[in-house]
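Read the structure below first, then the notes.
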Amino acid sequence: MTAKSPERRQVVRFAFYKLDSAWRRLSAERQASAKLEFGETIESFAGRLLLRPYGLVGIRGDCDFLLWQVAEDLDSLVALQTALNRTDLGGYLAVPYSYLAMTRRSIYEFPEAPGAGQPSRLVIRPSDARYLFVYPFIKTRGWYMLPKTERQGMMDEHVRIGRQYPSIRLNTTYSYGLDDQEFIVAFEGDNPADFLDLVMELRESKASSYTLRDTPTFTCVQMSLWDMLDTLGGAGSAQAVSRRPARADGYTPVATLADLPAGSSRRVYAGGDAVALFNVDGTVHAIANRCTHARASLSEGTVDATRCAVTCPWHEGVFSLETGQVLGGPPSLPVATYRVKVEGDTVLIAPPGVPGVMDAREPIAPRPRS
Ligand code: FES
């Protein structure tokens with residue numbers, strides 16, 4: 001008998017946090033340092049687990065943010081929560097909902113959509129979708145009494161309906177045996193209306209009559225760590241981040257490659273400035289986030305990989321991502337560019353002209369002393 005080759009499985013935690021409003025009455029000084037400490041604690045786990053922050057302020061009353069955590073082992077999840085509990089902000093946070101799950105191959109057959117690649121269901125790869133819709137899910141025991149062929153038939157209907165909503169992407173993880181539900185489902189999408197229509201249609205499917213529980217439901221908004229901390233109120237994250245001491249080489253860690261997959265962009269903060277990061281075909285570029293025409297957020301612009309340029313989302317000003325120069329449209333002034341380097345999974349930036357800072361794209365060679 002041949003031994004089964006070990007599969008790479010991941011543990012997944014959806015932890016929802018609620019802030020005690022007493023924190024908002026602390027001094028701005030303490031709020032700023034608490035945000036910085038909390039944010040840096042999360043960043044320090046960048047190489048150990050994949051962590052995505054989402055905001056729920058303005059959406060639900062019983063939780064303020066979600067940390068979607070994906071790790072290779074349970075110890076990493078324990079270590080992260082332990083570290084967060086030790087922070088000043090952690091003293092004001094409760095965890096009203098926490099769901100633990102694991103990746104696993106489905107027992108049902110899911111033929112891939114025409115033209116789609118073969119996704120691995122064992123490794124979580126979050127997209128850049130603006131929203132995440134999360135809920136715990138339990139089926140009735142009667143479902144498991146049905147012959148597998150009958151269940152497969154109902155799952156086929158489920159898949160047919162899902163494919164009518166290609167803008168919605170599903171991540172299913174398995175909880176039964178680890179936590180109080182059977183599955184945690186997390187749908188990603190840019191349009192809440194698409195998700196609403198999808199689940200209303202799924203509710204009329206045959207499989208739906210075998211659902212025992214599928215609440216509570218969380219609608220979560222993806223945002224940078226610092227933007228998420230700003231939704232909590234108190235001193236601004238930009239103020240907190242501006243206190244972060246720069247490294248001796250002038251570079252500041254601002255993101256991980258896991259957070260910035262090829263083709264994506266995001267806003268980060270460095271030295272109190274908002275900076276737009278772009279991953280163009282595997283090369284990371286950083287420019288000032290504000291358009292010099294009317295201050296639109298360039299991280300929300302459209303990237304032309306061929307020209308290595310971004311088009312502003314408001315009036316179609318075009319900026320080179322390599323030089324910051326205006327390539328078209330109404331802006332007359334260029335945007336500042338930042339130097340970028342990648343260490344392991346960490347993206348670091350430094351403003352141009354910082355003494356001792358070399359452009360990472362330059363060949364590294366000893367320089368003669370002057
Ligand atoms: S704000 Fe960017 S082109 Fe007008």
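Atoms within a ligand are numbered from 1 in the order they appear, just like the ligands themselves. Position 1 is the first residue of the sequence, and the numbers go up from there.
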Would you call the rings of Phe133 and Phe195 parallel, tilted or perpendicular, where under 30° means parallel and over 60° means perpendicular?
parallel

Would you check if Arg307 and Leu327 make a side-chain contact, meaning some heavy-atom pair closer than 4.5 Å?
yes

From Asn191, Asp194, Asp190, residue fulfilling side-chain hydrogen bond (donor to acceptor under 3.5 Å, both in side chains) relative to Ser167:
Asp194

Proximal protein heteroatoms (N, O or S) of atom 4 (Fe) of ligand 1, under 2.8 Å
His293 ND1, His315 ND1

Could you tell me if Arg213 and Gln181 have a donor-acceptor pair between their side chains, going purely by distance under 3.5 Å?
no

Distance-minimising heavy-atom pair for Ala129 and Glu188
CB-CB, 3.8 Å

If we ignore hydrogens and angles and just use 3.5 Å, is the side chain of Ser265 paired with the main-chain N or O of Ser299 as donor and acceptor?
yes

